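Heads up: the structure comes next, in structure tokens.
Below, all heavy atoms of this structure are taken into account, side chains as well, without hydrogens, waters or symmetry copies. Predicted model only: the values in this text are computed from it and were never measured.
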Amino acid sequence: MGVRVSNQRTLAWWLMDRILHLLDAEEREAVRGDLAESCDSAAQALRSVLRLVMHRQSVLWQHPRPWLVLFLFVMPLGVLLSLTSRSHAGLSAIYLWLIVNNANLSLLRSAGFWYTLLQVLPTLLLPSLSLGCVTWMAGVLLAGIARRTLWISGALLCLVLLCANAFALPQPPHSPTFDNNAAVHANAFYRSVFPLLFQCLCILLPAFLGMWQITQTGKLSPPLRSLFWASILICAFSLLAGVSTFWLLRIWALPPLALAAFAGAGPAGYLLTQSHSLHRRQRA
Amino acid sequence: MLGEFEYLLLTAAASLGDEAYGASRQIETVTGRHCSIGALYITLDRMESKGLVETWMGDPTPQRDGRSKRMVRVTPRGVRAASSFYSAVRGVTRNVAWEFE
């Protein structure tokens, strides 16, 4: 009993510490100090901090900026990424089903199997990698343009992604139809669970990693920020062209390798800058 | 016209003087009522926007493990508002004795 109460208290303090991150650094420290001096129980302190944070956020959301970010950045990008991820997850599910259902020792010994796998893997991995890079950059940029409302905007991005997936946005007409793969999609795992897992791995995880990283390391330098914007706009346009019904736009859809190159430019630039600044710090 | 909690905060801040921060403890001691940090900060924001108090982040001190304090100072407008509230309360309760038997 005592251990359970102690665990609950620890959980409440941990949760409160997380929630306090929604406040400005200066105010966060002052609140922490006040809480340390007060005789509040963990539950009282948690309620108190929640009330303060909700008040601060409601004040911030009275300005147009967070709404502009939500309607011009979070929602369009969320729907686009969700559509792309669902389309790609459908394709990946077929190959995964093929491999899982046919894998046996004799197949694994066959050179033809490995040859086909090597042919297929780039087709599956490159778009997944590109999606991951694009969403990571989106997370970083979101942290830059909506710093004070970041976690609410991030949560709304998640909501948009999940809702777009759950309420089944109409399939783009030109995307592959899987009539010949009914056996795959008859399986609940490949039909419902796999797309969600794919979305979590290729979209949610990189987006939150991007947000978290930029809150830890600080702002992007202006050239890097320009590179990110250019890269994400090209990729978004290409992804939009990929799911668009307009054939005229489709000619702009980049092949997977080119998309991966554009999507990878941002993270590569970031890694180079980070390693350069680390090297300079070590030398200093 | 001030609210009751605003008046309590102004009075606590005025009595603490230059060292006024986290007036919740002062309010709790005097009134015997719990004062949450959320309520305190939100009310301070409102009072600051009305020009009744000024708040600023004090320098970190070793007392609170180096954590800064939100310091509070009552402005002349705050003094006038508190004085007016006090006069009104004193005037309206002149012939009433609030005592439990």
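- Of the two parts of A/V31, the backbone and the side chain both hold a non-hydrogen atom closer than 4.5 Å to a non-hydrogen atom of chain B.
- Between the side chain of A/S48 and the main chain of B/G38, a donor-acceptor pair closer than 3.5 Å is present.
- Within the model, atoms CD of A/E29 and NZ of B/K69 stand 14.0 Å from one another, a figure rounded to the nearest 0.5 Å.
- At a threshold of 4.5 Å between non-hydrogen side-chain atoms, the residues B/S36 and A/R47 do not count as touching.
- More than 12 heavy atoms of other residues, nucleotides or ligands sit less than 6.0 Å from atom CH2 of A/W229.
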B/D45 and A/H55: CA distance, side-chain angles, deciding distance, side chain to side chain contact (heavy atoms under 4.5 Å, CB included) verdict: CA-CA 10 Å; B/D45 286 351; A/H55 173 75; 3.9 Å; yes

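- For chain B, no part of A/L50 is nearby; none of its heavy atoms comes within less than 4.5 Å.
- By the 6.0 Å contact criterion, NE2 on A/H63 is open, its count of non-hydrogen atoms from other residues, nucleotides or ligands being 12 or less.
- For A/M75, the CE atom is loosely surrounded, since the number of other residues' heavy atoms within 6.0 Å does not exceed 12.
- The 12-atom threshold is not exceeded at CZ of A/R148, counting heavy atoms of other residues, nucleotides or ligands nearer than 6.0 Å.
- Here the closest non-hydrogen pair linking B/I37 and A/L35 is CD1-CD2, 3.2 Å.
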Run B/R70 and A/E26 through side chain to side chain contact (heavy atoms under 4.5 Å, CB included) and show every step you take. CA-CA 9 Å; B/R70 187 177 182 183; A/E26 223 177 15; over 6 Å; no

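- Within 6.0 Å of the CZ atom in A/R18, the count of heavy atoms belonging to other residues, nucleotides or ligands exceeds 12.
- A distance of 7.0 Å separates CG of A/D34 from CG of B/L40, quoted to the nearest 0.5 Å.
- The OH atom of B/Y41 lies 8.5 Å from the CZ atom of A/R56; values are rounded to the nearest 0.5 Å.
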